[in-house]
Amino acid sequence: MFLSKLFLPITKNLPSDAKIKSHQLMLRAGMIKQSSAGIYSWLPIGLKVMKKIEEIVREEQNKIGAQELLMPTIQPAEIWKESKRYEDYGEEMLRIKDRQGREMLYGPTNEELITDIFRSSIKSYKSLPQMLYHIQWKFRDEIRPRFGVMRCREFFMKDAYSFDVDEANAKISYNKMFYSYLKTFKRLGLQAIPMAADTGPIGGDLSHEFIILAETGESKIYTDKSIFKIDVNNYNFDIKSLEKMRNDFSSVYAATDDKFEQIKFDKLVTKQNQIITKGIEVGHIFYFGDKYSKPLNCFIDNKDGKKNSVKMGSYGIGVSRLVGAIIEANYEKEVMKWPKSISPFDVVIIPSISKNNKENLTKSLKLYDDLKKQNIDVLLDDVDENMSQKFKKHDLIGIPYQIIVGSKSTESKIEFKEINSESSFIDFKEVKSKIKS
RNA sequence: CGGAGCGUAGCGCAGCCUGGUAGCGCACCUGGUUUGGGACCAGGGGGUCGAAGGUUCAAAUCCUUCCGCUCCGACCA
């Protein structure tokens, strides 16, 4: 892609109502545009990043055997009345009426809908377990949306649902999802801590929040340094190993504000190991048994011929929130720095261009073509402006690697720079391995 | 929902108190100079001053109502 052709409305002035860094940077880099309170349009590079996150989430869901489907954003009120949540959910649910006066709502979550889908077709224990998920827009009419895409009313979310014959099996599904979440966040370049959590309006008795550390986080967290030593890559995807992983995590103290107990904390964690910080919740998983399957009559025939309510869990990842959360976790001053896995481009070529000297541009075009041929997603800054302006701009956009073609270039070597660090001179052959490593 | 504040060019703001027909910076357009860390010179375009009503010879400015947005708090993926 040529920068001159890219729809990328960068601004120097930052809008006064953006208070946290990710929001400011996203607006300045032309990733999003607010449409109304807590509702945003996603502009090309913002969308590109979000799509990459979505794809990683999808791949990791598929890997553990979850199957993707797609449910609508607009749901009938009827099933919510069945589960008794139509009243419970309160003002946060956006209720609408269609032309026939039927009560509808813009889905804030999908337990009812998925249970309805499931109950209408699955009748036997033989069909279980199942894990289904979708990645879809949701709407919760937040009292006070804020922090850009981090606390939106409309947001993009992956939500998965597990169906099992009994609690023991449901916990196996729960552990699989737990594992998948750790893998997902790791691929996104994030250090996520699973924490025992309250279940809120979703309900249930087993629940974990996945929280990444960031100063601007909304949750205060208390944990033990040693939790960072637990590496998901040391576990296998089998029942025993997953159970061990869960046990290893629960053996380390980790709590959010609402569950925090000072005495317990001091007793279980040595002073040197205590970490008190803030974090952003990027995922939440629940086991809630038959909380929805019972009122919605979602039963299966068991081996013994008796009917049994299906045991369910639900598992969310805030995909749009992650875009902001990743910025919060990675930014340095005015520099966004995308993890390679989700950067809007793999590399940017920055030539020094002047009216009388197009040599650098010609060189850059050749590099551009060569990189394209190697399947590298490359941006070429073909705009005729001062190098200093270009550098500032690319620091803002945050593509992790830069190739600079200018006065310091030589015939044989490429000036290669990792964002926010010193450049070095390398052979063109090495570029791909640097970028893809 | 309680408290506070804002709405004037795409963005950031001044003007409002004390009414007289709108200005600055950035961005944008034209020409020239420049080109390794947010350039320079010259010229130019862009506004129903959030909306409606009222007061007045005259309203961005005063009054009323409405709408939108933000911040602090209680609540949440």
Side-chain angles (χ1 to χ4, degrees), chain A residues 9-20 23-24 27-28 30 33-39 89-93 107-111 135-160 181 197-202 207-212 217-219 256-258 279-286 314-322 324-325 333-335 350-358 360-361 381 383-396 402 404-409 415 417 419-420 422-423:
Chain A
I10 288 182
T11 59
K12 277 192 215 173
N13 293 343
L14 84 135
S16 59
D17 42 17
K19 295 295 182 246
I20 63 163
H23 191 194
Q24 293 174 351
L27 287 167
R28 286 194 49 213
K33 172 158 185 353
Q34 181 167 323
S35 167
S36 54
I39 302 177
Y89 225 92
E91 291 294 316
E92 223 175 82
M93 186 149 76
T109 178
N110 288 61
E111 281 81 10
I135 305 176
Q136 175 65 293
W137 292 96
K138 309 248 176 330
F139 194 93
R140 292 182 192 168
D141 200 355
E142 288 284 336
I143 295 168
R144 187 148 97 81
R146 61 186 120 172
F147 303 145
V149 301
M150 304 249 284
R151 173 143 238 81
C152 279
R153 293 198 292 169
E154 188 182 57
F155 56 98
F156 200 48
M157 182 181 177
K158 186 282 304 181
D159 44 321
Y181 273 38
D198 275 345
T199 49
I202 312 268
S207 170
H208 284 86
E209 290 177 7
F210 288 78
I211 293 188
I212 59 164
E218 288 187 89
S219 332
T256 50
D257 240 354
D258 42 346
I280 301 165
E281 184 183 351
V282 288
H284 205 154
I285 62 178
F286 303 87
S314 78
Y315 314 87
I317 291 182
V319 175
S320 52
R321 170 180 283 187
L322 269 168
K333 295 203 174 96
E334 297 304 307
V335 182
I350 309 173
S352 167
I353 305 171
S354 70
K355 280 223 175 64
N356 311 316
N357 185 357
K358 299 274 183 195
N360 290 330
L361 184 59
D381 185 348
V383 180
D384 176 5
E385 63 181 357
N386 206 297
M387 283 301 264
S388 9
Q389 288 166 268
K390 290 191 179 203
F391 289 139
K392 288 285 182 193
K393 182 161 62 188
H394 291 293
D395 285 346
L396 176 62
Q402 306 177 343
I404 301 158
V405 183
S407 56
K408 292 184 192 166
S409 299
E415 185 179 356
K417 182 167 179 275
I419 194 165
N420 220 16
E422 292 299 310
S423 62

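Chain letters run A, B, ... following the sequence lines, proteins first and then strands; every chain starts at 1. Source: prediction; values computed, not measured.
Of all heavy-atom pairs between Gly279(A) and Ile211(A), the closest is CA-CG2, 3.5 Å. Asn420(A) approaches Val335(A) most closely through the heavy-atom pair OD1-CG2, 3.9 Å.
Pairing of C17(B), defined by two Watson-Crick or G-U wobble distances under 3.5 Å, is not identified with any nucleotide. The partner of A59(B) cannot be assigned: no Watson-Crick or G-U wobble pair with both contacts below 3.5 Å exists in any strand. Across all strands shown, A74(B) remains unpaired; no Watson-Crick or G-U wobble contact has both distances below 3.5 Å. In this structure C28(B) sits in a base pair with G44(B), meeting the Watson-Crick or G-U test at under 3.5 Å. Pairing for G38(B) is absent, with no Watson-Crick or G-U wobble pair whose two atom distances lie under 3.5 Å. Base pairing of A9(B) is not made with any nucleotide, judged by Watson-Crick or G-U wobble geometry with both donor-acceptor distances under 3.5 Å.
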Can you name the atoms? Protein N/O to nucleotides 3-9 of chain B N/O, anything below 3.5 Å, with the distance.
none

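Separating the CG atom of Asp141(A) from the C1' atom of C75(B) is a distance of 13 Å, rounded to the nearest angstrom. Spacing between atom CD1 of Ile39(A) and atom C1' of G68(B) amounts to 13 Å, rounded to whole angstrom units. Protein atom CG of Leu14(A) is 13 Å distant from nucleotide atom P of C11(B), rounded to whole Å. Nucleotide A74(B) holds its C1' atom 13 Å from the CD atom of Glu92(A), rounded to whole Å. One can place NZ of Lys19(A) at 16 Å from P of C69(B), the figure rounded to the nearest angstrom. Rounded to whole Å, atom P of A27(B) lies 12 Å from atom NZ of Lys393(A). A straight line from CZ of Phe147(A) to P of C72(B) spans 6 Å, rounded to a whole angstrom. In this structure, the CG atom of Leu396(A) is 18 Å from the P atom of C11(B), given to the nearest Å.
Distances shown here put every side-chain N or O of Lys392(A) at or beyond 4.0 Å from the OP1 or OP2 atom of G37(B). In terms of phosphate contacts, Gln34(A) brings a side-chain nitrogen or oxygen within less than 4.0 Å of OP1 or OP2 of U70(B).
Taking atom P on both nucleotides, C16(B) is separated from A60(B) by 14 Å, rounded to a whole Å. Distance noted for atom P between U8(B) and A51(B): 10 Å (whole Å). Taking the P atom of each, G38(B) and C71(B) are spaced 31 Å apart, rounded to whole Å. With both ends at atom P, the span from G3(B) to A9(B) equals 30 Å, rounded to whole Å. Taking the P atom of each, U21(B) and A59(B) are spaced 12 Å apart, rounded to whole Å. One C1' atom belongs to G50(B), the other to G43(B), and the distance between them is 34 Å to the nearest Å. For the P atoms, the distance from C28(B) to C1(B) is 42 Å, rounded to whole Å. Rounded to the nearest Å, the gap between the P atom of G25(B) and that of C72(B) is 32 Å.
Phe286(A) and His284(A) have parallel rings, their planes meeting at less than 30° on a 0 to 90° scale where 60° marks the start of perpendicular.
No N or O donor and acceptor, one from the side chain of Lys408(A) and one from the base of G37(B), sit under 3.5 Å apart. Side-chain to base pairing of Ser388(A) with G38(B): no donor and acceptor N or O lie closer than 3.5 Å to each other. Side-chain atoms of Arg28(A) come within donor-acceptor range of the base of G38(B), with a qualifying N/O pair under 3.5 Å.
No engagement by Leu27(A) is indicated, since no non-hydrogen atom pair under 4.0 Å with the nucleic acid exists. Note on Glu415(A): a base of the nucleic acid sits closer than 4.0 angstrom, heavy atoms only. Residue contacts for Ile317(A): at a heavy-atom cut-off of 4.0 Å it reaches no nucleic acid atom on any strand shown. Contacts of Lys33(A) with the nucleic acid, taken as non-hydrogen atoms under 4.0 Å apart, are absent. Nucleic acid contact for Thr11(A): none, since no nucleic acid atom lies under 4.0 Å from a heavy atom of the residue. Contact annotation for Asp384(A): base contact, defined as any heavy-atom pair under 4.0 Å involving a base atom.
For Asn13(A), counting side-chain heavy atoms from C-beta on, the closest listed nucleotide (G36(B), A77(B), C26(B)) is C26(B). Here the side chain of Gln389(A) is nearest to one of C69(B), A39(B), G37(B), namely A39(B). The side chain of Arg144(A) has G73(B) as its nearest neighbour among U34(B), G25(B), G73(B). Among the nucleotides A39(B), G73(B), A77(B), the one closest to the side chain of Arg146(A) is G73(B). When distances run from any side-chain atom of Ile143(A) to the nucleotides A74(B), G12(B), A77(B), the shortest one goes to A74(B).
Atom CG of residue Asp159(A) and atom CD of residue Glu111(A) lie 7.5 Å apart, to the nearest 0.5 angstrom. Note that CD of Gln24(A) and NZ of Lys19(A) are 8.0 Å apart. Values are rounded to the nearest 0.5 Å.
At a cut-off of 3.5 Å, with distance as the only test, a side-chain donor of Ser388(A) or Asn386(A) sits close to an acceptor on the other residue. Remark: the Ser423(A) side chain and the Glu415(A) side chain contain an N/O donor-acceptor pair separated by less than 3.5 Å.
Stacking between Phe155(A) and the base of A77(B) is present: ring centres sit under 5.5 Å apart and the planes differ by under 30 degrees.
Toward the 5′ end of RNA chain B lies the nearest nucleotide of Pro145(A), the other residue of the pair Arg321(A) and Pro145(A) mapping further downstream. Between Met157(A) and Pro15(A), the one whose closest nucleotide on RNA chain B sits nearer the 5' end is Pro15(A).
The backbone N or O of Tyr315(A) lies less than 3.5 Å from a partner atom in the side chain of Tyr181(A), making a donor-acceptor pair.
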Please assess Lys138(A) against Asn110(A) for the test side-chain contact (heavy atoms from CB on, under 4.5 Å), listing each intermediate value before the final yes or no. CA-CA 9 Å; Lys138(A) 309 248 176 330; Asn110(A) 288 61; 3.4 Å; yes
Working for side-chain contact (heavy atoms from CB on, under 4.5 Å), residues Asp381(A) and Met387(A): CA-CA 10 Å; Asp381(A) 185 348; Met387(A) 283 301 264; over 6 Å; no
Under the side-chain contact (heavy atoms from CB on, under 4.5 Å) rule, what do Glu334(A) and Asp395(A) come out as? Steps first, then yes or no, please. CA-CA 7 Å; Glu334(A) 297 304 307; Asp395(A) 285 346; over 6 Å; no
